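Note that the coordinates shown come from a computational prediction; the quantities given were computed from them, not determined experimentally.
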Amino acid sequence: MLRTLFKREIREVYKRKKFVWLIVGIIVGSLIPFYSTSKSLYFQFLPEFYNVIYLFILYTVNFIFISLPYLVEHFYRDRIRGNIEVLLCLSFSPLKIWLIKLLTVFLMNYPLYVFGGLISLTINFFLKTLSISKIQIIIFLFISPIFAFSILGLNAFLHFFFQDIRLLNLFFILPFVIFIVIFNYSTKFLVIFNLNIYIFSISMILISFLIIFSILLLFKILSKENFINKSS
């Protein structure tokens with residue numbers, strides 16, 4: 001049953017707009033990696049820790065921005081069409097529906113996210129402006145996607161539980177954008193701390209798991225009727 005639902009999610013969304021989303025995903029997904037792998041990004045007068053935070057925010061925004069159209073398609077539009085209510089009336093639990101839809105969104109966008117990064121690396125390599133480190137690769141491939149997954153999971157839960165939260169989608173990107181703007185214009189005022197990069201990375205992973213665990217707990221607390229009533 002879960003495999004059937006997973007195939008349905010890919011078929012219902014991806015087949016209709018795959019070329020549009022592929023092109024948009026590649027273009028959008030290449031811009032931030034191109035900037036972040038360029039030598040012009042780094043603030044030479046700051047410890048590496050600040051560059052790591054900056055990269056983490058950039059990559060997280062990149063993944064969320066690419067994934068939001070898919071997420072809206074899987075949750076909000078299915079809510080409007082009554083598809084989620086139909087699934088809830090069948091043998092699927094709210095948790096299973098949420099998880100399968102979220103995993104579908106993640107798995108459909110992670111290849112675009114990585115491909116955009118590869119394009120950016122290639123361009124910067126030929127322009128001879130390439131600058132990349134091991135920690136940057138780890139953040140790009142693992143830490144930021146994991147954190148973005150937890151943020152998308154929270155967004156998906158709100159879409160799932162409430163009727164319409166499209167305006168709230170802005171608040172899932174806006175804090176990151178504000179951070180980037182403030183960081184760019186206030187680096188010279190930052191208090192210099194040479195904090196441990198790996199502790200920061202582990203902390204972000206733990207926070208991601210905490211967010212997902214909290215959502216799972218909410219699904220355990222809330223009954224199936226809560227979601228059916230919300231969708232009616």
Q | Rounded distance [0.5 Å steps], CZ in F125 versus CG in L130 | A | 8.0 Å
(Q) Counting neighbours of CZ on F149 that are heavy atoms of other residues, nucleotides or ligands and sit closer than 6.0 Å, is the number greater than 12? (A) yes
**Q.** Rounded distance (nearest 0.5 Å) linking atom OG of S30 with atom CD1 of I123
**A.** 6.5 Å
Q. Is there a donor-acceptor contact under 3.5 Å from the side chain of S67 to the main chain of I64?
A. no
(Q) To check you understand the geometry: which heavy-atom pair defines the closest contact between Y59 and Q136, and what is its length? (A) OH-NE2, 2.9 Å
Q: Please answer: with hydrophobic residues joined when any side-chain heavy atoms are less than 4.5 Å apart, are I135 and I146 in the same cluster?
A: no
Q) How about F106 and F63: are their ring centroids closer than 6.0 Å? A) yes
Q. Quick one: are the ring centres of W98 and F219 less than 6.0 Å apart?
A. yes
Q) Between N155 (side chain) and I151 (backbone), is there a donor-acceptor pair under 3.5 Å? A) no
Q) Would you say F56 and F142 are hydrophobically clustered, going by side-chain heavy atoms of ILVMFWY under 4.5 Å? A) yes
Q | Joint hydrophobic cluster, F213 plus I207, side-chain heavy atoms closer than 4.5 Å | A | no
Q | Residue among I211, L218, L216, L152 satisfying side-chain contact (heavy atoms from CB on, under 4.5 Å) with F157 | A | L218
Q | Close side-chain approach of I137 and S133, heavy atoms under 4.5 Å | A | no
Q. Rounded to the nearest 0.5 Å, what separation is found between the CD1 atom of I143 and the OG atom of S201?
A. 3.5 Å
Q | F65 CZ to N62 CG distance, which is reported to the nearest 0.5 Å | A | 9.5 Å
Q. Do M204 and I199 share a hydrophobic cluster, counting only Ile, Leu, Val, Met, Phe, Trp and Tyr and linking them when any side-chain heavy atoms are less than 4.5 Å apart?
A. no
Q.
Using every non-hydrogen atom in the two residues, find where A156 and L102 come nearest and quote the distance to one decimal.
A. CB-CD1, 4.4 Å
Q. CD1 of I53 to CD1 of I57: how many Å apart, nearest 0.5 Å?
A. 8.0 Å
(Q) Listing request: all side chain to side chain donor-acceptor pair (under 3.5 Å) pairs with a residue in residues 114-124, at least two apart in sequence or in separate chains. (A) T37-N124, N124-T129
In a table with atom names and distances, give each donor-acceptor pair under 3.5 Å that connects a side chain of residues 110-117 to protein atoms at least two apart or in another chain.
{"from": "Y110", "atom 1": "OH", "to": "L141", "atom 2": "O", "distance (Å)": "2.7"}
{"from": "Y113", "atom 1": "OH", "to": "F140", "atom 2": "O", "distance (Å)": "2.7"}

Q: Mind listing the closest non-hydrogen atom pair of S150 and I215 along with its distance?
A: O-CD1, 4.5 Å
Q | Pair L210-L206, side-chain contact (heavy atoms from CB on, under 4.5 Å): steps then yes or no | A | CA-CA 6 Å; L210 179 61; L206 291 176; over 6 Å; no
